[in-house]
Amino acid sequence: MRLSHYLLATLREDPKEAEVVSHRLMLRAGMIRQLASGIYDLLPTGTRVLRRVEQIVREEMNRAGALEVILPVVQPAELWQESGRWDKFGPELLRLKDRHGRDFVLGPTHEEVIVDLVRRDVSSYRQLPLNLYQIHTKFRDEVRPRFGLMRGREFVMKDAYSFHTDDASLDETYQRMYDAYGRIFDRCGLDWRAVEADTGAIGGSASHEFMVLADSGEDEILFCTTCSYAANVERAEFRREASDEVPPAAEMPEQVATPGQKAIEDVAAYLHLEPRRLIKSLVFETPDGLVMGCVRGDRDIEPARLRAALGTAWLELADPERVTDVFGVEPGYLGPVRKPEAVRLVCDPDAMRMHDAATGANATEAHLLHVEPTRDFTPDLIAEIAGARKGDGCPRCSGVLDSARGIEVGHIFRLGSAYAEAMNLRVQDADGKEVTATMGCYGIGIGRTAAAAIEQNHDERGIIWPAPLAPFAVAVVPLDLRNDALCAAAGGLYDALLGAGIDACIDDRNERPGVKLSDIELIGIPIRVVFGRRSFERGVVEITTRRDGETIEAPVDGAVEAVRTLLSSGR
RNA sequence: CGGGGUGUAGCUCAGACUGGUAGAGCGCUGCGUUCGGGACGCAGAGGCCGGAGGUUCAAGUCCUCUCACCCCGACCA
């Protein structure tokens with residue numbers, strides 16, 4: 001590519017809307033432009049990078065035996081009504097009508113469409129397992145789009161769906177995808193980690209997220225420093241310690257006034273108790289009514305763990321007014337003892353092991369002392385709902401958990417048969433009996449992967465692309481366009497590089513040297529070959545690697561070989 | 001959804017409090033000089049001051065409404 005005929009579109013100044021590094025650099029490097037909130041144009045450079053990611057994904061998916069398809073973005077509402085998600089999905093699902101008034105959605109994901117496709121064309125176990133994928137645009141009407149391509153509303157995703165007649169086959173494909181994802185993110189040059197994950201709204205029995213480690217990541221992950229355990233904080237378990245040596249309370253609960261004391265810390269100080277001697281109670285709204293969750297006072301409830309324990313589609317902290325209506329007292333004085341019948345109670349096992357505890361009294365400005373779990377209240381469910389934290393013990397070994405932030409670039413799920421059941425996807429097995437298929441689904445955010453790569457690879461001058469993602473492998477930069485011999489030699493090298501199958505560009509723009517050099521650095525091209533007057537008169541060019549900034553000289557004749565050597569060395 | 005903020009040239013921003021002919025830097029066009037780290041001179045182009053309504057002799061500026069975008073929050077009791 002001759003940059004004189006290219007739309008480089010670099011910006012000298014920082015665009016004001018960009019918060020995080022990858023967003024700022026994508027704008028400055030001329031990769032993207034915002035069209036509306038969470039919706040972006042991809043410019044030539046951005047398009048090249050996304051195509052690189054896509055190609056790596058495509059090759060590894062094909063290698064893993066998946067078949068590429070292209071499914072519609074606009075999907076009829078009927079399919080979503082059939083799966084039940086028309087009602088469940090909420091405002092993230094963008095709904096629209098065609099000219100006849102028929103309902104459609106912009107696909108935020110493609111389970112419905114793919115199940116419909118497979119149920120029409122697959123009828124025998126002999127046709128399974130099957131793994132279909134696409135690399136396509138999705139639309140989710142995010143509450144708050146931000147960080148450029150990291151959390152947009154319209155975005156490119158690779159999504160794959162596998163179909164099986166039994167769990168063993170599903171497990172095999174799941175593992176195959178797990179391995180393929182590892183190869184993909186390795187090939188992208190990323191520092192990543194696979195973690196156990198909450199299955200969230202998509203559902204299913206198990207899942208892993210692939211996290212690119214970065215401080216700007218939106219997720220917190222916990223991992224053991226000695227064994228291989230790693231999990232999203234939404235799911236992470238921790239080792240339960242022996243309970244405190246507190247004797248059971250002989251006396252019955254005693255109500256004490258705690259005027260103005262609502263937060264655990266304040267109540268504990270007021271009552272001269274350690275926070276871990278209190279039971280923390282929070283009330284959540286769920287599709288099936290209010291639920292109270294209880295944990296020991298020194299811990300927090302992890303809403304995703306509570307949601308998973310209940311098996312509900314969603315859950316959120318109840319509105320204070322709603323709580324006051326139902327409990328007759330405002331939040332801050334709530335507890336599991338003598339709570340309203342209609343509110344279900346879920347207790348963390350550590351809370352159940354407590355003795356002589358203090359809790360809210362469900363009475364105005366009052367708490368209870370000498371509370372004995374089991375004797376004084378009975379939970380509907382005992383489940384681990386406390387969130388794990390850095391410093392907690394590893395649940396799998398004697399190690400300790402550490403935490404890090406990550407960008408979720410991939411997510412794989414064992415879906416099970418929920419969608420196949422709702423949409424009646426059945427095939428005949430070897431005995432001629434009809435069985436419901438079981439499914440897996442596997443996603444990768446293409447744009448997000450590119451953004452994550454920038455988060456991990458940049459400096460004050462701009463992007464430092466891992467070579468496999470770079471928009472160009474090499475930039476040839478003739479500094480002085482008036483020097484015909486120099487330009488001819490640079491053009492010759494450019495042609496030779498292309499001839500050798502190397503994706504080169506030549507900066508033949510009539511710009512000052514400083515402009516050219518800083519643009520090439522900004523957009524992060526891994527190798528730069530400079531033709532300057534002084535070195536050219538000595539018959540050499542200067543070859544600089546973006547990542548370490550080191551420059552070597554090579555004879556003009558030997559430049560192709562020198563570049564090839566650098567490329568194969570992986571820099 | 002709640003709170004805050006910003007909309008003026010392609011980009012980054014002044015101008016608004018105190019109403020009176022639309023500004024700067026960078027970028028862009030032409031000519032000349034320059035040419036190894038974001039050059040210099042001269043001459044230019046470029047704006048429905050987000051939109052609508054109002055107040056006024058007069059509105060980028062004051063008032064009302066509206067739209068867009070950005071940030072923070074959405075409750076650990």
Side-chain angles (χ1 to χ4, degrees), chain A residues 7-20 23-24 27-28 30 33-39 90-91 143-148 258 260-268 275 278-285 292-303 305-306 316-324 327 329-336 339 348 358-362 364-367 385-387 389 461-462 477-483 486-487 507 509-522 528 530-537 541-542 544 549 551:
Chain A
L7 184 60
L8 201 57
T10 52
L11 300 177
R12 183 172 295 201
E13 296 182 74
D14 276 337
K16 62 174 175 180
E17 72 264 27
E19 268 310 277
V20 298
H23 187 195
R24 201 178 75 228
L27 287 163
R28 279 199 59 203
R33 289 290 183 266
Q34 178 168 303
L35 181 62
S37 182
I39 299 176
V143 194
R144 196 174 155 210
R146 59 185 133 181
F147 306 154
T258 49
Q261 310 301 315
K262 293 176 151 192
I264 287 284
E265 291 290 321
D266 299 338
V267 176
L278 275 62
I279 295 173
K280 181 185 285 187
S281 313
L282 280 96
V283 178
F284 294 84
E285 190 88 58
M292 173 180 276
C294 288
V295 295
R296 210 171 62 193
D298 61 331
R299 304 216 67 107
D300 292 331
I301 291 176
E302 172 51 54
R305 294 194 80 185
L306 176 58
E316 59 189 25
L317 211 53
D319 191 74
E321 282 142 45
R322 175 108 159 92
V323 171
T324 307
F327 282 77
V329 57
E330 61 182 307
Y333 306 101
L334 306 181
K339 62 159 181 60
D348 188 83
T359 77
N362 296 326
T364 304
E365 309 211 308
H367 281 74
I385 58 173
R389 297 186 288 234
R461 294 184 176 198
V477 188
L479 290 182
D480 186 356
L481 293 189
R482 299 167 313 167
N483 186 328
L486 183 149
C487 285
D507 194 351
R509 296 177 299 162
N510 186 16
E511 287 288 351
R512 313 259 322 161
V515 173
K516 294 188 183 194
L517 296 175
S518 49
D519 272 348
I520 296 301
E521 283 163 352
L522 174 61
R528 182 181 81 191
V530 168
F531 283 74
R533 184 173 53 82
R534 288 196 296 269
S535 48
F536 183 63
E537 279 169 0
V541 294
E542 292 158 27
T544 306
T551 298

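Predicted model, so just to flag it, every value in this text is computed and none were measured. Below, read A as the first sequence line, B as the second, and so on, with proteins coming before strands; counting in each chain starts at 1.
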Measuring from the side chain of [X] (C-beta onward, heavy atoms only), which nucleotide among [options] has the closest atom?
X: A:Val515; options: B:C35, B:G37, B:G38; value: B:G38
X: A:Glu521; options: B:C13, B:G37, B:C76; value: B:G37
X: A:Glu13; options: B:G25, B:G37, B:C76; value: B:G25
X: A:Lys16; options: B:U6, B:G37, B:G38; value: B:U6
X: A:Pro513; options: B:C76, B:G38, B:G36; value: B:G36
X: A:Asp519; options: B:G38, B:G25, B:G36; value: B:G38
X: A:Glu17; options: B:G37, B:C70, B:C71; value: B:C70
X: A:Arg512; options: B:A39, B:G38, B:U6; value: B:A39
X: A:Asp480; options: B:C35, B:G38, B:U12; value: B:C35

With RNA chain B as reference, determine whether A:Pro320 or A:Gly532 sits nearer its 5' end, using the nearest nucleotide of each.
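Taking each residue's closest nucleotide, the earlier one in sequence belongs to A:Gly532.
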Toward the 5' end of RNA chain B, by each residue's nearest nucleotide, A:Pro15 or A:Gly514:
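Of the two residues, A:Pro15 wins.
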Does any donor-acceptor pair link the side chain of [X] with the base of [N] at a separation under 3.5 Å?
X: A:Arg528; N: B:G37; answer: yes
X: A:Arg12; N: B:U12; answer: no
X: A:Glu511; N: B:G38; answer: no

Write down the distance between [atom1] ([X]) and [atom2] ([N]), rounded to a whole number of angstrom.
X: A:Leu27; N: B:C69; atom1: CG; atom2: P; value: 15 Å
X: A:Asp319; N: B:A74; atom1: CG; atom2: C1'; value: 11 Å
X: A:Arg461; N: B:G37; atom1: CZ; atom2: C1'; value: 8 Å
X: A:Asn483; N: B:C35; atom1: CG; atom2: P; value: 12 Å
X: A:Met292; N: B:C76; atom1: CE; atom2: C1'; value: 13 Å
X: A:Leu317; N: B:C75; atom1: CG; atom2: C1'; value: 6 Å
X: A:Leu11; N: B:U12; atom1: CG; atom2: P; value: 8 Å
X: A:Glu19; N: B:G5; atom1: CD; atom2: P; value: 17 Å

Same-atom distance ([atom1]) from [N] to [M], integer angstrom:
N: B:G15; M: B:G19; atom1: P; value: 15 Å
N: B:C57; M: B:A52; atom1: P; value: 22 Å
N: B:G23; M: B:G60; atom1: C1'; value: 12 Å
N: B:U12; M: B:U33; atom1: P; value: 35 Å
N: B:A59; M: B:G20; atom1: P; value: 11 Å
N: B:U18; M: B:A58; atom1: C1'; value: 16 Å
N: B:A68; M: B:U8; atom1: C1'; value: 15 Å
N: B:G25; M: B:C42; atom1: P; value: 12 Å

Would you call the rings of A:Phe536 and A:Phe531 parallel, tilted or perpendicular if under 30° counts as parallel and over 60° as perpendicular?
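Plane angle between 30° and 60°, so tilted.
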For [N], give the paired nucleotide (Watson-Crick: N1-N3 plus N6-O4 or O6-N4; G-U: N1-O2 and O6-N3; both under 3.5 Å), or none.
N: B:C13; answer: B:G23
N: B:A45; answer: none
N: B:C40; answer: B:G32
N: B:C65; answer: B:G51
N: B:C1; answer: B:G73

Taking the side chain as C-beta and beyond, is there a heavy-atom pair between [X] and [Y] under 4.5 Å?
X: A:Asp14; Y: A:Arg28; result: yes
X: A:Leu11; Y: A:Arg33; result: yes
X: A:Lys262; Y: A:Tyr333; result: yes
X: A:Arg509; Y: A:Leu8; result: yes

At 4.0 Å (heavy atoms only), tell me whether [X] reaches a base, stays on the sugar-phosphate, or touches nothing.
X: A:Lys262; value: sugar-phosphate
X: A:Val295; value: nothing
X: A:Leu481; value: nothing

Test: A:Glu285 and A:Arg322 ion pair at under 4.0 Å
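Here A:Glu285 pairs with A:Arg322 in a salt bridge, since their nearest N and O are under 4.0 Å apart.
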Under 4.0 Å from OP1 or OP2 of B:C70: is there any side-chain N or O of A:Gln34 that close?
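A:Gln34 to B:C70 OP1/OP2: side-chain N or O found under 4.0 Å.
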Tell me whether the side-chain N/O atoms of A:Ser37 come closer than 4.0 Å to OP1 or OP2 in B:C70.
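So the side chain of A:Ser37 is within the cut-off, an N or O lying under 4.0 Å from OP1 or OP2 of B:C70.
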First locate atom CG of A:Leu479, then atom NZ of A:Lys516, and finally report the distance between them rounded to the nearest 0.5 Å.
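Rounded to the nearest 0.5 Å, the CG-NZ separation comes out at 6.5 Å.
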Examine distances only and state if a side-chain atom of A:Asp348 and a backbone atom of A:Ala386 form a donor-acceptor pair shorter than 3.5 Å.
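It does hold such a pair.
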